[in-house]
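Not measured: the values here are computed from a predicted model. Below, all heavy atoms of this structure are taken into account, side chains as well, without hydrogens, waters or symmetry copies.
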Amino acid sequence: MTDKLPPPLLALFQPRPPLRYVTPIDRAPEDCKKSTLGGVAQYLPDLKEYEEEYPYNATESWIQRKLRQKQEKKENIEKHLTEGIHTCGLSPLTL
């Protein structure tokens, strides 16, 4: 059935020439130098020493800062209201 195809399509079905042998560019596994890199475990004693030398001090996040400012503002308003009532001579119970 493929013999009825036009020549450009017949060229697509032609077998390819065999690949030529090329010598490998890599060395044999026994000739390769082994890696001297270690894992992370070798740095754990240094990390422990660093933790002892420089203790971790957490900082305040922006959300915590906003909540603290709201609370301080609320306390400040309450303080001014109660002090204002006392300085005017009124007791808080008469209001």
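Checked for salt-bridge contact, E52 and K48 miss the test: no charged N lies under 4.0 Å from a carboxylate O.
Tested against R68, the residues Q71, E72, Q64 include a single side-chain contact (heavy atoms from CB on, under 4.5 Å) partner, E72.
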Under 3.5 Å, side-chain donor or acceptor atoms of residues 19-31 against the rest of the protein: list the pairs with distances, not counting sequence neighbours.
none

With a 3.5 Å cut-off and sequence neighbours excluded, list the donor-acceptor pairs that the side chains of residues 34-46 form with protein atoms.
from: S35; atom 1: OG; to: L37; atom 2: N; distance (Å): 3.2

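With a 6.0 Å radius and a threshold of 12 heavy atoms from other residues, nucleotides or ligands, E75 has its CD atom above the threshold.
Sorted by first and then second residue, the ring-ring contact (aromatic ring centres under 6.0 Å, His included) pairs with a member in residues 49-81 read Y50-Y54; sequence neighbours excluded.
Rounded to the nearest 0.5 Å, atoms OG1 (T82) and CD1 (I77) are 12.0 Å apart.
Minimum heavy-atom separation, L5 to L10: O-CD1, 3.7 Å.
Side-chain contact between R65 and Q69 is present, with heavy atoms from C-beta onward closer than 4.5 Å.
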